[in-house]
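All residue numbers in this chain count up from 1 along the given sequence. No experiment lies behind these values; they were computed from the predicted model shown.
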Amino acid sequence: MASLAWLLIPLFAAVGAAIWGSWAARDRTQGDISELAGYARFREAMDKADQARAKAAAHSGSDAV
């Protein structure tokens with residue numbers, strides 16, 4: 001009976017590895033579209049912030065000598 005238990009351990013490990021492997025190899029391309037759209041919105045917001053900062057610095061008057 002003890003030998004049967006020792007044979008079941010690798011069997012359970014192989015089944016667990018197969019389940020994990022199928023889960024890790026799943027198709028995850030659905031989320032990429034929304035993530036890329038969010039990144040594009042983030043870049044647009046950063047560009048607007050940089051432009052506003054540059055405009056404020058150009059009109060600050062602190063550079064006048």
task: Go through the structure and list residues passing salt bridge (charged side-chain N to carboxylate O under 4.0 Å, His left out) with R53, not counting sequence neighbours.
output: D50
ILVMFWY clustering at 4.5 Å (side-chain atoms), partners of L7: none
- line: CH2 (W20) and CH2 (W23) are apart, to the nearest 0.5 Å, by 8.0 Å
Those residues that, when tested against W6, pass side chain to side chain contact (heavy atoms under 4.5 Å, CB included) (two or more places apart): I9
